[in-house]
Engineer: 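Let me give you the structure first, and then I'll get to my questions.
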Protein chains: 2
Amino acid sequence: MMVKESNKATPRAIVTRNRILSAAEHLFTTRGFAGVTMREVARRAGTNVASAHYHFGSKEGLIIEMLRHRIAPINAERLRLLKEAKHHSGGKPLKPLIIFKALLLPIGQAATGSTGPDSRFMQLVGRSFTEPASFLEKVHRRLFRELSDIFMVELRRSHPAAREEDLFWNLHFVVATMLGALANHRRLVPFSSGLCNDQNVDEMIQRLIVFAGGGFTASIENAKAKANQ
Amino acid sequence: MMVKESNKATPRAIVTRNRILSAAEHLFTTRGFAGVTMREVARRAGTNVASAHYHFGSKEGLIIEMLRHRIAPINAERLRLLKEAKHHSGGKPLKPLIIFKALLLPIGQAATGSTGPDSRFMQLVGRSFTEPASFLEKVHRRLFRELSDIFMVELRRSHPAAREEDLFWNLHFVVATMLGALANHRRLVPFSSGLCNDQNVDEMIQRLIVFAGGGFTASIENAKAKANQ
DNA sequence: CCTTTTCTTAAACGGTCGTTTGAATAATAA
DNA sequence: TTATTATTCAAACGACCGTTTAAGAAAAGG
């Protein structure tokens, strides 16, 4: 296992690497991690299995790198939006809806590629959280720990009277709602007998923000009412 | 492939069948569908692979039967609670919170077994929706189509002014929230640095009901406000 | 009892998997 | 150019997969 640790990269090698990466993204997205073989990825990338192992070391390495490659820009955009909102509010606590906008909008942007809405990618992200593969947990911790800490700080500022425990629970629900909605997005069409469309990603994100914000606020209020009774 | 179509079942055969079923549930629950082999299931059940194939025909057949065996009673309880609530309300439309209680409480009951909370099973249900295996979609349609139709009828009655499309979207979100929360339940503990507990399933369900109800209502109100503007 | 059906078992089948090897090719440096 | 390194490739390795076969054990029916 001799992963290419970015020494001197031949132009052609970079091309190959990217071809493997995007082939992997397409295949893992539509068929899951266990349902795709390295041979299929290599064939779709126009190369062979040894090349994929040369660049990524293993199947796990390929999956991790693919997720990182896609998720890191989304998280950067989330932090950018949050910082922008903070700057715009002039030091005052942010409303929950603003916070959740910063959390959810970048997902929609990422899923609205140049070739039309890529709602399959949203499935992949949602699924990557429910797959039992233990190596994914480390990736998620590395990719999301800092992000969730920062968002928790903002929620605390906007709800100074709320109990820490309740904030954790409800941010957890917001994230779970987001992941569940992303992962099960496709099911909406047959479920609604075609009445609802899964192609309009932006509409879903907008609805999701309202839903998550309403759920969060209702739950926090409920906890407050219980404490006061 | 000669599935046992319930002709005459020897007592010992029933025992074997149940041992395979519960071994499968434990293993698939902790390691996912693709991560478990028929040999492992058979070994844990104290028998061999051919026996498992004799009783369930194939790995898919075993998974389907395991899911059906667990989910069917939950759905029956959901319908019972809904009918009970309707009888209690005397023909008047049900409040969303009551409807979602009927939808969510039975999950908590199922996950609170005699041997302590079985939060792993909730993961399995949540995961079964995000696994890309196509054969699962048929199972889900068969297991959940009638149920969701009935719950939609009740939501329509409680929101006669709402657009059909909005009701579908928001019931979809409620289900997505439930599945996402179930599937990612375990992550709450490390995420909250141990502050929140994942052992108290009932607490989670109660919080989930409030969250889902709040999100649903907020989103419906938002749609109404948009239509009126 | 004997016959027939139901169930269990060890062993094998054909195939595919992730990974590795070693030689050939392309790029870079001298 | 030549020496060195970086990359690609066909082929193979060893392991494990889901499934089937065929024969025997257990149970049921007569």
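Proteins get letters first, then strands, A, B, ... in listed order; numbering begins at 1 in each. None of these values were measured; they are calculated from a predicted model. Values below: all heavy atoms of this structure, side chains included; hydrogens, waters and symmetry mates excluded.
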Engineer: For B/Arg207, which residues count as a side chain to side chain donor-acceptor pair (under 3.5 Å) partner, sequence neighbours excluded?
Structural biologist: A/Asp166, B/Glu203

Engineer: Pairs in or reaching into residues 28-50 of chain B: which pass salt bridge (charged side-chain N to carboxylate O under 4.0 Å, His left out), with residues at least two apart or in two chains?
Structural biologist: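 Every salt bridge (charged side-chain N to carboxylate O under 4.0 Å, His left out) pair that includes a residue of residues 28-50 of chain B, provided the two are not neighbours, is B/Arg31-B/Glu40.
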
Engineer: Within residues 42-49 of chain A, which residues have any heavy atom lying less than 4.0 Å from an atom of DNA chain C?
Structural biologist: A/Val49

Engineer: Quick one: list whatever passes salt bridge (Lys or Arg N to Asp or Glu O under 4.0 Å) with A/Glu65, sequence neighbours left out.
Structural biologist: A/Arg17, A/Arg68

Engineer: In chain order, what residues pass the side chain to side chain donor-acceptor pair (under 3.5 Å) check against A/Arg141, with sequence neighbours excluded?
Structural biologist: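 Testing A/Arg141 for side chain to side chain donor-acceptor pair (under 3.5 Å), a comparison that skips the adjacent residues, returns none.
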
Engineer: Which of these passes ring-ring contact (aromatic ring centres under 6.0 Å, His included) with B/Phe216: B/Phe173, B/Phe100, B/Trp169?
Structural biologist: B/Phe100

Engineer: Nearest whole Å is fine: how far is D/dG18 P from B/Ile63 CD1?
Structural biologist: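 Distance check: B/Ile63 CD1 to D/dG18 P gives 9 Å.
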
Engineer: Quickly work out the B/Arg19 CZ to C/dC7 P distance and round it to whole Å.
Structural biologist: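 About 17 Å, once rounded to whole Å.
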
Engineer: How long is the line joining CZ of A/Phe56 and P of D/dT7, in whole Å?
Structural biologist: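 Rounding to the nearest Å, CZ of A/Phe56 and P of D/dT7 are 12 Å apart.
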
Engineer: In whole angstroms, how far is the P atom of D/dT7 from the CG atom of A/Asn18?
Structural biologist: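 In whole Å, D/dT7 P and A/Asn18 CG are 13 Å from each other.
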
Engineer: In whole Å, what is the span from the CG atom of A/Leu62 to the C1' atom of C/dT19?
Structural biologist: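 Computing the A/Leu62:CG to C/dT19:C1' distance gives 14 Å.
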
Engineer: Going by the rule salt bridge (Lys or Arg N to Asp or Glu O under 4.0 Å), which residues pair with A/Glu164 if we only count those two or more places apart in sequence or in a different chain?
Structural biologist: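 Testing A/Glu164 for salt bridge (Lys or Arg N to Asp or Glu O under 4.0 Å), a comparison that skips the adjacent residues, returns A/Arg156.
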
Engineer: What pairs with B/Glu84 under side chain to side chain donor-acceptor pair (under 3.5 Å), at least two apart in sequence or on another chain?
Structural biologist: B/Arg80

Engineer: Between B/Lys86 and B/Glu154 (salt bridge meaning N to carboxylate O under 4.0 Å), is one present in this structure?
Structural biologist: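 The answer is yes: the pair qualifies as a salt bridge.
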
Engineer: Under the rule for side chain to side chain donor-acceptor pair (under 3.5 Å), what residues qualify as partners of A/Arg145, not counting sequence neighbours?
Structural biologist: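 If we apply the side chain to side chain donor-acceptor pair (under 3.5 Å) test to A/Arg145, skipping adjacent residues, the hits are A/Asp149.
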
Engineer: Sort me out a list of protein N/O and nucleotides 13-18 of chain C N/O pairs below 3.5 Å, or just none if empty.
Structural biologist:
{"residue": "C/dG18", "atom": "OP1", "partner": "A/Lys59", "partner atom": "NZ", "Å": "2.7"}
{"residue": "C/dG18", "atom": "OP2", "partner": "A/Met38", "partner atom": "N", "Å": "3.0"}
{"residue": "C/dG18", "atom": "N7", "partner": "A/Arg39", "partner atom": "NH1", "Å": "2.6"}
{"residue": "C/dG18", "atom": "O6", "partner": "A/Arg39", "partner atom": "NH2", "Å": "2.6"}

Engineer: Please give, in whole Å, the distance from D/dA26 C1' to B/Ile14 CD1?
Structural biologist: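 Answer to the nearest Å: 15 Å.
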
Engineer: Using whole Å, what does the distance between atom C1' of nucleotide C/dA23 and atom OH of A/Tyr54 come to?
Structural biologist: 15 Å

Engineer: Taking the side chain of A/Ala50 as heavy atoms from C-beta outward, which of C/dT21, D/dA6, D/dT20 is closest to it?
Structural biologist: C/dT21

Engineer: Does OP1 or OP2 of C/dC7 have a side-chain N or O of B/Thr16 closer than 4.0 Å?
Structural biologist: no

Engineer: Separation of B/Leu27 atom CG from D/dG18 atom P, in whole Å?
Structural biologist: 12 Å

